[in-house]
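Notes for the one structure printed next.
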Amino acid sequence: MSTTTLNERIWPAAEIVEDLSELRKKAPLTHVITNIVVTNWTANVLLAAGASPAMVIAEEEVAEFATIAAGVLINVGTVTNTDARAMRVAAAAAHKAGTPWVIDPVAAGALRFRTEIVMELLSQKPTAIRGNASEILALAGAVGGGKGVDSTARSLDALPLAKELAERTGAIVAVSGEIDYITNGKETIAVSGGHPIMTKVTGVGCSLGALIASFLGVQKDPLRATVSASAVFAIAGSKAAAESKGTGSFAVAFLDQLSNLSA
Amino acid sequence: MSTTTLNERIWPAAEIVEDLSELRKKAPLTHVITNIVVTNWTANVLLAAGASPAMVIAEEEVAEFATIAAGVLINVGTVTNTDARAMRVAAAAAHKAGTPWVIDPVAAGALRFRTEIVMELLSQKPTAIRGNASEILALAGAVGGGKGVDSTARSLDALPLAKELAERTGAIVAVSGEIDYITNGKETIAVSGGHPIMTKVTGVGCSLGALIASFLGVQKDPLRATVSASAVFAIAGSKAAAESKGTGSFAVAFLDQLSNLSA
Amino acid sequence: MSTTTLNERIWPAAEIVEDLSELRKKAPLTHVITNIVVTNWTANVLLAAGASPAMVIAEEEVAEFATIAAGVLINVGTVTNTDARAMRVAAAAAHKAGTPWVIDPVAAGALRFRTEIVMELLSQKPTAIRGNASEILALAGAVGGGKGVDSTARSLDALPLAKELAERTGAIVAVSGEIDYITNGKETIAVSGGHPIMTKVTGVGCSLGALIASFLGVQKDPLRATVSASAVFAIAGSKAAAESKGTGSFAVAFLDQLSNLSA
């Protein structure tokens, strides 16, 4: 095992503030192909942060759109055969055009059909892979203990295999959890903050995947972009939790905090 | 007509509190196949209550997932031919595996295509059927006065036919309305509470169907489980209505109340 | 160019108040075929306003439903081939039955596949066309500068071509922007109000298209119906913006204001 470094970065580190400021200036067009549970929420998260989301899902349109977008997210949460065809086209187009793209392998390892789809998509060289510990472990070839879309493993447990996955795929790997670990295999950055209530609102993790795609559209260093997106999420989540009375008001406060975060 | 009993049960009856406590302890994996209008809301409702929702909809995945889930919901609100294929597979797998499952026959009776789909699904022996009075009347073979997904009949009017439907299908039948009636044909339990504003937020009824599936995953008596889910909904709705200023804040307060309900 | 008139109408003009009052009395059944990002939000907007939304999307059901509905919306935001088939059937059925219908040509001009679908749908004589300036310009045959679903042109810039589009199609054309312009080609009515934050919540414009369909179901003059829907949106948006702390609470307050607007 090669020597690796582990650093920490949290809001308001200069890099994060700068990246968020850039995001708001450029409003990167973010092509989102995600699951039907979180489409609305994801669009609102990106708008609150300052990006410009567009959910284009038809097989006939995704290549054209992935080519002009600043970043692409592919999330397999409710993938069907029809969706998978569009995802393959989008991933190939993003790869060919040099558009940075993110894959969120929801419940990979727990269900064979989608695990195969994710494996195929990996051949199109995603810029970043974001998942919980179980999903990252599953992808890395370990035995996944996935229970639906929830993580039963802890993010730190997944770090060694996350690094290997990053080395093998060339992608940034972001393991979400109480502490997020973001690694390129050589260097790992930990992002703490956030709040456990973030796991009680559907799509918080999924929308982080989309926001990573937005940040990749304005920040060329993919490790830094992924860290910035995660850190922005953590601070908005932490602030929102402090002022909310339950899961409903947390979701509302999260969007408010994200839209008001001063860059 | 056989002799039947009619009782009432509302929060905080011991059975309800116990079932909710169990739900929070076990976080039952709930397989939700529902309409595209309410997926996000339904997931947030289940998370707020303490269950573990997963929307798995691909024909290739639903059998595997219905088999491992603690409960399954099938809601035909926006059913297409593709969806219907997956629903048939999921219902058959749930039946075969002994996973309790719920059908929500949205607008059955009002539209022929979905009525036929629902009739087919009934052959897979749902554990519970949840609908408004018009839908239950339609299913019971009476003439449905359905106007879209709204109910134009009252829940009490549907009770006699709901009992017959329960006897004929072996399912618990839950008729939602100002008062919910839940029956196994022999015994009927009325759940009052709630608030009219609950009909002004989309998906409240649909998410109750999903929550019934979650409760069925932790409480083996299906009548009791269905009553507990309904009573939890009624109290959260009633508390939320008291503190909201319109339909938007009601939806937020409903999730807050549900997530804070002390079991 | 023929002589045209330009007037302004804002809440609480008598026509608007009367139309909203009528909407709440009749709760028009509104058939919504829209994109997967905004289904939930759109249903909640229509419910808050007092209409009765129903999302029926199966090719097998849309003709039956468009025939009995009071108004129909077709929005191509995430259109696929399967959706397009259902849209063609629904538009044809609405046209044949005399049900007023609205088309929202999201991102027309920016993507060829959907532009062709929209052009085909136009042959079924929509009662109203609602879009942002870029979309209306694209439809009118001008070069669209569309960037995803956002408008890069201003609504006033699109007005001359919007009038031509209205003349050519016989539809009311509503150009959304800081000021909304609604025209039948001869007469144009400007609706001001609203707030820039309305562009930071996904689906606000899309749900206006749906609300226009609802108003068309209760007000036979289509120019007036479209103006009333737009004016109700503007006042609810303006009031909501005044009491919100960010994009999350704005969305909640918008539904609250809409549900409380006294007609």
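Note on naming: letters A, B, ... go to the chains in the order of the sequence lines (proteins, then strands), and numbering restarts at 1 for each one. These values consider heavy atoms only, across backbone and side chains, with no hydrogens, waters or symmetry-generated copies.
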Pair count under 4.5 Å, heavy atoms only, with chain A: among L255(B), D256(B), L46(B), highest is D256(B)
Heavy-atom closest pair (K200(A) atom, N44(B) atom, distance to 0.1 Å) is O-OD1, 4.3 Å
The reported gap from CD in E60(B) to CZ in R112(A) (rounded to nearest 0.5 angstrom) is 12.0 Å
Note: vs chain B, highest number of non-hydrogen pairs under 4.5 angstrom among V201(A), T80(A), T247(A), T82(A) is T247(A)
ask   = Just wondering, do E243(B) and K245(A) contact through their side chains at under 4.5 Å, heavy atoms?
value = yes
Residues S259(B) and G246(A): closest non-hydrogen pair is OG-CA, 3.6 Å
Interatomic distance, CD1@I68(B) vs CG@L111(A), rounded to 0.5 Å, equals 6.0 Å
If one checks every heavy atom of V252(A) against chain B at 4.5 Å, the contacting part turns out to be side chain
Within 6.0 Å of CD in E120(A), more than 12 heavy atoms from elsewhere: yes
Separation between OG1 (T78(A)) and CD (E61(B)), nearest 0.5 Å, reads 9.5 Å
- Query: Would I36(A) and T39(B) satisfy side chain to side chain contact (heavy atoms under 4.5 Å, CB included), going step by step from the backbone distance to the final call?
  - Reply: CA-CA 7 Å; I36(A) 57 168; T39(B) 41; 3.9 Å; yes
Greatest number of non-hydrogen atom pairs under 4.5 angstrom with chain A, of N40(B), L258(B), V32(B), V56(B), falls to N40(B)
